[in-house]
Amino acid sequence: MTVFQAIVELTKASWRVLRRHPCLAWFPILSLVTAIGVALLLGPILMPGDGDRPSWLSLLVVAAAAHLVQVFYATALTHESLKALRGETPSVRAGIAAAGGRLPAIASLGAITGTFGFVLAMVGRSRRVAVKIARAAIGTAWSLATYLAIPVMVQERRGGLTSLRRSSDLFRRTWGETTLSEVGLRVLTAQLGLVLVVLAIVLVDLLGEGLGVLLVFAAIIALVAVIGTLEAIYRSALYVFAAEGVIPGPFDGPELDHIWRTKTDV
Amino acid sequence: MPVALDIDYDRGVPVYRQIYEAVTTALASGALGRDEQLPTIHELAQRLAINPNTVARAYRELEQDGHIVAHRGRGTFPAERTEPVDKDELLRAIYDRTVIEAARHGISAGELVRYFRKVKP
């Protein structure tokens with residue numbers, strides 16, 4: 001099985017879960033809407049209104065708030081994805097309630113990942129090629145090592161720091177599957193993004209700027225919702241494989257056998 | 001189910017294996033009686049908030065190893081023992097689990113043995 005076939009099969013398995021529980025797709029949409037709301041709320045308070053450039057601190061506060069919103073909804077989505085993989089019925093309300101009960105852990109995880117992301121972004125501003133390469137390598141290693149932090153936080157009820165530690169421990173057992181997921185998601189996003197660009201050109205040409213742009217905007221939101229949800233479902237399945245030692249139902253089939261490496265006895 | 005079943009994610013042992021060990025320990029110690037029914041896969045999965053496949057795998061391996069028997073329509077029960085328990089095998093299993101647990105707390109097997117000698121009844 002090629003990497004591309006593996007990505008297709010994993011996406012199909014995640015899609016089956018999403019089709020059965022379409023309410024899961026609401027979490028990325030709510031995340032986006034809440035983040036925009038928070039930015040609109042904090043913007044006028046923190047940004048100068050006289051045309052001056054906003055201070056670094058103001059931008060940092062807005063970015064931190066948006067990041068916390070994103071972690072909050074990712075926690076809610078993961079909670080409900082794990083439920084869906086157990087054969088239970090997920091709901092938006094239950095997911096938000098579960099995330100609401102984990103606010104200290106969400107805050108600590110968000111603070112660590114947000115700070116690291118900010119430092120990486122600052123380093124990335126350098127014009128030196130060696131620094132840019134180092135930044136890309138560290139960023140990739142960080143995203144792989146922290147890949148399972150949210151499922152760990154949800155399922156094992158850990159705090160932010162211990163979830164990150166446990167995630168890197170689980171990554172050592174599932175590095176192949178995690179890397180496949182990361183690569184797969186980027187390939188899928190790039191392909192769908194390309195389709196979206198073509199669609200945008202056609203729609204604006206056919207319907208004019210007003211309606212065309214509106215439809216393209218709706219397509220972008222739908223894309224964000226679907227990809228975000230598919231990734232959370234696969235991430236939850238990968239966590240079950242790494243921590244519990246089994247492949248959850250929707251991901252267990254002959255066409256997916258080659259993807260899961262047989263090391264559940266470790 | 002009279003089996004001490006607290007999942008310890010820090011042990012680095014897959015959850016299905018922890019269930020397997022909890023049931024065999026309960027059987028060996030007598031905490032789980034020969035006529036006591038084990039919870040269904042869904043009951044135990046729900047109680048532990050884990051995937052049903054995890055419990056199913058633990059039960060499957062327990063059945064394959066002859067520890068439990070699943071009766072269609074009646075539930076899952078400890079298997080009838082036709083031969084006496086091999087005490088050496090049982091002691092070895094208890095020793096292995098104790099050494100692993102002690103190592104998690106930075107206690108060596110030697111320290112453990114010295115402690116057992118010190119507190120011998």
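Throughout, a chain's letter reflects where its sequence line sits, starting with A, and its residues are numbered from 1. Note that the structure is predicted; figures quoted are calculated from it, not measured.
Residue A:Leu170 holds its CG atom at 10.5 Å from OH of B:Tyr9, rounded to the nearest 0.5 Å. Remark: A:Leu82 CG to B:Ile50 CD1 distance equals 12.0 Å, nearest 0.5 Å.
With respect to A:Arg165 and B:Asp10, no salt bridge is recorded, no charged nitrogen being found less than 4.0 Å from a carboxylate O.
Between the side chain of B:Asn51 and the backbone N or O of A:Leu85, at least one donor-acceptor pair lies under 3.5 Å. Proximity of a side-chain donor or acceptor of B:Arg57 to a complementary backbone N or O of A:Gly245 within less than 3.5 Å is detected.
Using a 4.5 Å heavy-atom cutoff, the side chains of A:Glu244 and B:Asn53 are not in contact.
Within 6.0 Å of CZ on A:Arg157 lie no more than 12 heavy atoms contributed by other residues, nucleotides or ligands. Around the CH2 atom of A:Trp15, the shell of radius 6.0 Å holds no more than 12 heavy atoms that belong to other residues, nucleotides or ligands.
Scanning both residues, B:Pro52 and A:Arg86, for their nearest heavy atoms gives CG-O, 3.4 Å.
With sequence neighbours left out, A:Arg102 forms a salt bridge (Lys or Arg N to Asp or Glu O under 4.0 Å) with no residue at all.
Listed options A:Glu156, A:Glu88, A:Arg166 were ranked by heavy-atom pairs under 4.5 angstrom with chain B; first place goes to A:Glu156.
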